[in-house]
4 protein chains.
Amino acid sequence: MPKVSANERAATRTRLLEAGKAEFAERGLAGARFDEIAVAAGHAKGTIYNYFDSKEELFFTIVGEWCALLVDAIDAEPQGSARQRLRRVAELDVEIARKDPDLALVVVQQMPTLVVSHASAVNAALEPGLARLAAIVRAGLEAGEFRSAQSADTIVRLFLSTLSSFELEALLPDTEFALDDVVGLLDRHFLEGFCERAPIPVASTEDIS
Amino acid sequence: MPKVSANERAATRTRLLEAGKAEFAERGLAGARFDEIAVAAGHAKGTIYNYFDSKEELFFTIVGEWCALLVDAIDAEPQGSARQRLRRVAELDVEIARKDPDLALVVVQQMPTLVVSHASAVNAALEPGLARLAAIVRAGLEAGEFRSAQSADTIVRLFLSTLSSFELEALLPDTEFALDDVVGLLDRHFLEGFCERAPIPVASTEDIS
Amino acid sequence: MPKVSANERAATRTRLLEAGKAEFAERGLAGARFDEIAVAAGHAKGTIYNYFDSKEELFFTIVGEWCALLVDAIDAEPQGSARQRLRRVAELDVEIARKDPDLALVVVQQMPTLVVSHASAVNAALEPGLARLAAIVRAGLEAGEFRSAQSADTIVRLFLSTLSSFELEALLPDTEFALDDVVGLLDRHFLEGFCERAPIPVASTEDIS
Amino acid sequence: MPKVSANERAATRTRLLEAGKAEFAERGLAGARFDEIAVAAGHAKGTIYNYFDSKEELFFTIVGEWCALLVDAIDAEPQGSARQRLRRVAELDVEIARKDPDLALVVVQQMPTLVVSHASAVNAALEPGLARLAAIVRAGLEAGEFRSAQSADTIVRLFLSTLSSFELEALLPDTEFALDDVVGLLDRHFLEGFCERAPIPVASTEDIS
DNA sequence: AATGAATGAGCATTCATTCAT
DNA sequence: TATGAATGAATGCTCATTCAT
């Protein structure tokens, strides 16, 4: 016999998460202020602590939400060539960003920092998705579809970070580049590079200088 | 008649900048502490204010140093095809990162955040280099060497952010991917995408699902 | 017609008091937390306010319970010499401490603080007992059984505080001194000092130094 | 070449300690507020952190100051019988309390709490003094001057806690009992109990009831 | 009466910035 | 110019108390 229904609790929690996304997207982990989050959520500061133990927990809950969405997206598309499957993952990721731009901004903006200073926490949250993506890449390499001097794990990390930087560019205001352009660009400028083709020879820089 | 020679002043300034790079690389703009920087530089906290007006100025001086190095690199290689010239810029940028990894870490790590919250300051510092790179790209587009649905300005931003994410990956500890791999990867996966070639057709995702 | 029977109410109240004793014994008045008390009592935090107006009231109810027990103890033994009667009061007090060590810990630990910052509240709660004890001492003084330069009121306060410090010592963990030793020690060292006897002369310190 | 002289630093530190004593004496460790301490010392709140790492460090510095004074006092009087020497220690302790009543109030008021919840920190600070006092008591026991069922260590703890409670009583406002009365009372009501004498028989309580 | 979510005042602590020496 | 003590605004977090259900 709780005082408020589970629905109300969930709604409050969601409001706090939304406000947190906006604040973290604008100021980052270190710069975010609980006062602002509380006001934006229409609650008192102390209320946040009824739902999250600390600023970091709120932040990583948000990052974790994105990780979970990404992992779901990866799980959702098991068929096709490696390139098709990665392209599809990118499409789903862009879809996530379209539905919740603040969430995407938090992630793409903070990821480089997190990967330096909170590597383990981020890796743990992403691990299932990373493993899955690595399997896709590995299959592509083994089937001869992909060629690369890099390992599957490295390719996965580069794939995600390149996807992130494109999305960031698309999410910035005053930019002509939009989310709609991300997948095509990533396909042509990153994924295609793994595929066999007649290369256009380019004189090495050393030949010129 | 200054009490300390210009040499000493310059040496102190350099020491502060070096210490600042290390601290900003480790903690970011918001997280960096003047106490640490001062101690690492072997000076008192107040001394920083004899050289820089504020934490932000110190930070943007460091970012500006990188921008200047990049602009120099861009200016240094005016010849060849657009692809060759961008590849050369990337090589020089990697060289900068190799010589001063802390500086590179600051830039590649903080850039996504800055570009959101300090867009104007960053743009101002990068403007000369951006304009130059845009000219290179524009020449490539006009000569028919490059093909892209994106504008030259957009291509430049994507070029720099992709270069950044590759460098970040290479600078992280415990990674097999190294600075030596950056340029080749960027050339094959990003730059080559702008060049005319027989594309390998890929069935669109819609055909499959 | 209350929804819960008087028995249930009393049981809940007792559970809250017990949990309060444990918490106050461990953390003191300022450090005690209602959350802990509520959880330990198996109730919600708000329930406490159905029984006590505030933290202080809960605390003073507990202190008051001890005071009442002490007053009862004092009332229970009206006969004998002053020394015998005070000794008997000490015995009963030790008995109280043995039956409820948490309660005793609260009192002996907090009393010095309370007596400084809540003197009036404590005095009010103890007043009946203090008056009774003072009467006993006064009778001893008037009968010539006791000799002291101090007033009866002072003697009572010293008696209680000495008794408290001995009990505290006995209640601490890892101590060889036990509750069983308290009364004997108090009798021999404190009470006996009031009684006429051939004193063992001691050279005053000044004679030596 | 510090900005302020060592004297000024020491003066500021002393002012903070004095203000801290007063606040801790009035509110205890948990209840003390840095705002009040800062204002009372005539400084900003942040200044306290230039001298002490935390509230607890400030508090234990104060307690430690008292411990050091006590240890000094114990070291100062190595001659005479055990009773004389303990009496002398008590005299010196009272002297300390007379010179700095706030300091004494902090200690006598908080000691019971500390001994429960911070036993190790307090024991460490007092250890040298405790050992010294135990040696005095042990000498008295071995010489046959003292008789007790308790160990030397226990006697020392009881001695100090009884001394504390008497001092607390003397330090309270509106009390006729004064610091001047403490040593005599302690000698007659505590120390004398250890010495051989013709006891005044007292019928045990059991004989009566 | 019981609940427990919401509240918001209160507080320790941090840290960029100032300024007297 | 260099110093580092002093400052005080800013902020994460705690917790007794309230109150709608």
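Convention: sequence-line order gives letters A, B, ...; per-chain numbering from 1. Worth knowing before you read on, the calculation uses all heavy atoms, side chains too, and leaves out hydrogens, waters and symmetry mates.
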Not counting sequence neighbours, which residues clear salt bridge (Lys or Arg N to Asp or Glu O under 4.0 Å) with [X]? List them please.
| X | answer |
| --- | --- |
| Arg13(B) | none |
| Asp100(D) | Lys21(D) |
| Lys45(D) | Asp35(D) |

It should be established whether [X] places a side-chain nitrogen or oxygen under 4.0 Å from OP1 or OP2 of nucleotide [N].
| X | N | answer |
| --- | --- | --- |
| Asn50(D) | dA5(F) | no |
| Tyr51(C) | dA2(E) | yes |
| His43(C) | dA2(E) | no |
| Thr47(C) | dT3(E) | yes |

Among dA5(F), dG8(E), dG4(E), the nucleotide that comes nearest once only the side chain of Ala44(C) is considered:
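Among the listed nucleotides, the one closest to the side chain of Ala44(C) is dG4(E).
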
Suppose we screen for side chain to side chain contact (heavy atoms under 4.5 Å, CB included). Which residues come up paired with [X], at least two apart in sequence or across chains?
| X | result |
| --- | --- |
| Glu56(C) | Leu29(C), Ser54(C), Phe60(C), His118(C) |
| Ala19(A) | Ile37(A), Ala40(A), Ala41(A) |
| Thr12(D) | Arg15(D), Leu16(D), His43(D), Thr47(D), Tyr51(D) |

My understanding is that only residues two or more places apart in sequence, or in another chain, count here; which of them pass ring-ring contact (aromatic ring centres under 6.0 Å, His included) with Phe52(A)?
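Checked Phe52(A) against ring-ring contact (aromatic ring centres under 6.0 Å, His included); zero matches.
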
Between the protein and nucleotides 10-12 of chain F, are there any N/O to N/O pairs under 3.5 Å, and if so, what are the atom names and distances?
| unit_1 | atom_1 | unit_2 | atom_2 | d |
| --- | --- | --- | --- | --- |
| dG12(F) | OP1 | Ala32(A) | O | 2.7 |
| dG12(F) | OP1 | Lys55(A) | NZ | 3.3 |
| dG12(F) | OP2 | Phe34(A) | N | 2.9 |

Which helical stems does DNA chain E take part in, if a stem means at least 3 consecutive Watson-Crick or G-U pairs with both distances below 3.5 Å?
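The stems are E:2-21 with F:2-21.
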
